[in-house]
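Just so it is clear, the structure is predicted and the values come from calculations on it, not from any experiment. For the numbers below, each heavy atom of this structure counts, side chains included, while hydrogens, waters and symmetry mates do not.
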Amino acid sequence: AFLAKKREYDHKSSVVSLASEHRGLVKHTGGCHCGAVRFEVWASPDLHVFNCNCSICTKKQNRHFIVPASRFKLLQGADNLTTYTFNTHCAKHTFCKTCGVQSFYTPRSNPDGYGIAPHCLDDGTVQTIITEDINGKEWEKAVGEHKTIRDMSKP
């Protein structure tokens, strides 16, 4: 009986901890096109999405919002992911081996977090999307001048 009560208490305290850690955020779920890769991410229902014009983001139409790693959880498909890097090899462009969709990646601006593709989220949790253009053609200058982008992966 003591162990059952202890487990119940531990579960309640972890739920309280999770609720306070993610205050004001919602749990979004999403994944790739074929369904092999699935994830959940805690973020605002009102998304601040970056539209970068660097060479790869332009070709992939890689619009994304940034979250700390602690708010992202890969639910399935780790074995179905592959990664492309170039130039500084800091950004990890991760995509599904089956359908080729990049639903999330590790951005160069926030290598300790994730860039999430809002168009890969399941319906029902996003209220609004505000898009901000970022000049990735002059990446160092743009990121250096941006007031908040480097802190977006901090809890």
Side-chain angles (χ1 to χ4, degrees), residues 10-52 54-57 60-136 139-140 142-155:
D10 287 347
H11 174 72
K12 284 180 183 174
S13 62
S14 68
V15 169
V16 169
S17 171
L18 183 65
S20 64
E21 179 183 338
H22 298 307
R23 189 162 312 220
L25 305 177
V26 298
K27 180 169 74 172
H28 303 281
T29 56
C32 66
H33 184 259
C34 71
V37 176
R38 296 290 300 161
F39 65 87
E40 68 182 33
V41 59
W42 286 88
S44 172
D46 303 302
L47 301 177
H48 182 132
V49 172
F50 290 100
N51 181 32
C52 179
C54 78
S55 61
I56 195 162
C57 287
K60 292 192 310 177
Q61 295 295 292
N62 181 30
R63 290 174 187 87
H64 60 279
F65 62 97
I66 299 170
V67 298
S70 63
R71 294 188 189 152
F72 176 86
K73 181 178 180 184
L74 183 62
L75 300 173
Q76 70 181 45
D79 58 338
N80 212 51
L81 291 171
T82 194
T83 302
Y84 172 72
T85 66
F86 68 102
N87 194 12
T88 65
H89 301 283
C90 189
K92 307 288 187 250
H93 297 276
T94 309
F95 58 96
C96 175
K97 291 178 188 178
T98 303
C99 66
V101 169
Q102 175 183 285
S103 50
F104 63 90
Y105 82 114
T106 303
R108 181 177 171 193
S109 64
N110 288 263
D112 56 342
Y114 289 93
I116 311 297
H119 49 275
C120 289
L121 296 178
D122 298 334
D123 292 339
T125 54
V126 176
Q127 289 180 358
T128 62
I129 296 177
I130 295 177
T131 304
E132 177 183 356
D133 289 339
I134 191 145
N135 185 7
W139 192 90
E140 287 81 4
V143 172
E145 292 175 354
H146 199 280
K147 295 182 184 356
T148 60
I149 196 167
R150 285 195 185 269
D151 295 329
M152 291 185 148
S153 60
K154 307 299 181 251

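The shortest side-chain heavy-atom distance between T125 and K27 does not fall under the 4.5 Å cut-off. With contacts defined as side-chain heavy-atom distances shorter than 4.5 Å, the pair V143/R108 does not qualify. Side-chain contact check for V41 versus L121: some heavy-atom pair is nearer than 4.5 Å. Looking only at side-chain heavy atoms (C-beta outward), I56 and N62 stay at 4.5 Å or farther from each other. Side-chain atoms of F86 and S55, non-hydrogen and from C-beta on, do get closer than 4.5 Å to each other.
Below 30°, between 30° and 60°, or above 60°: for H64 and Y105 the angle between ring planes is above 60°, a perpendicular geometry. Note: H93 and Y84 have tilted aromatic rings, judged against thresholds of 30 and 60 degrees for the angle between ring planes.
The heavy-atom pair separating V37 from S103 by the smallest distance is CG1-OG, 4.2 Å. Contact detail for P118 and R63: the closest heavy-atom pair is CD-O, 3.3 Å. Of all heavy-atom pairs between S153 and G113, the closest is CB-CA, 3.7 Å. Residue F65 comes nearest to A43 through the heavy atom pair CE1-CB, 3.7 Å, listed as atom of the first residue, atom of the second, then distance. Summarising the geometry of C96 relative to L81, their closest heavy-atom pair is N-CD2, 4.2 Å, with the distance given to 0.1 Å. Residues N110 and I149 approach most closely at ND2-O, 2.8 Å, considering heavy atoms.
The closest donor-acceptor contact from the side chain of R38 to the backbone of G30 lies under 3.5 Å. With hydrogens and angles ignored, the 3.5 Å screen pairs no side-chain donor or acceptor of K73 with any backbone N or O of S70. Looking at H28, its side chain does come within 3.5 Å of a backbone N or O of S44 through a donor-acceptor pair. Between the side chain of N80 and the backbone N or O of A36 there is no donor-acceptor pair closer than 3.5 Å.
C57 SG to I134 CD1: the interatomic distance, rounded to the nearest 0.5 Å, is 9.5 Å. With rounding to the nearest 0.5 angstrom, the CG atom of N135 is 8.0 Å from the SG atom of C52. H33 NE2 to T98 OG1: the interatomic distance, rounded to the nearest 0.5 Å, is 12.0 Å. In this structure, NE2 on H146 lies 6.0 Å from CE on M152, to the nearest 0.5 angstrom. Taken from CD in Q102 to OG1 in T94, the straight-line distance is 7.0 Å, to the nearest 0.5 Å. Between atom OG1 of residue T82 and atom NZ of residue K97 there is a gap of 5.5 Å, rounded to the nearest 0.5 Å.
Between F72 and F39, the gap from one ring centroid to the other is short of 6.0 Å.
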For this session: Report the C-alpha separation of C32 and F95 in whole Å, then their side-chain angles, then the decisive distance to 0.1 Å, and conclude whether the side-chain contact (heavy atoms from CB on, under 4.5 Å) test is met.
Result: CA-CA 8 Å; C32 66; F95 58 96; over 6 Å; no
Exercise. Between V126 and L47, does a side-chain contact (heavy atoms from CB on, under 4.5 Å) hold up when you go through it step by step?
Worked result: CA-CA 7 Å; V126 176; L47 301 177; 3.8 Å; yes
Exercise. Which is it for D122 and T29 under the side chain to side chain donor-acceptor pair (under 3.5 Å) test, yes or no, and what are the steps along the way?
Worked result: CA-CA 6 Å; D122 298 334; T29 56; 2.6 Å; yes
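A salt bridge between D112 and K154 is present, with a side-chain N of the basic residue lying under 4.0 Å from a carboxylate O of the acidic one.
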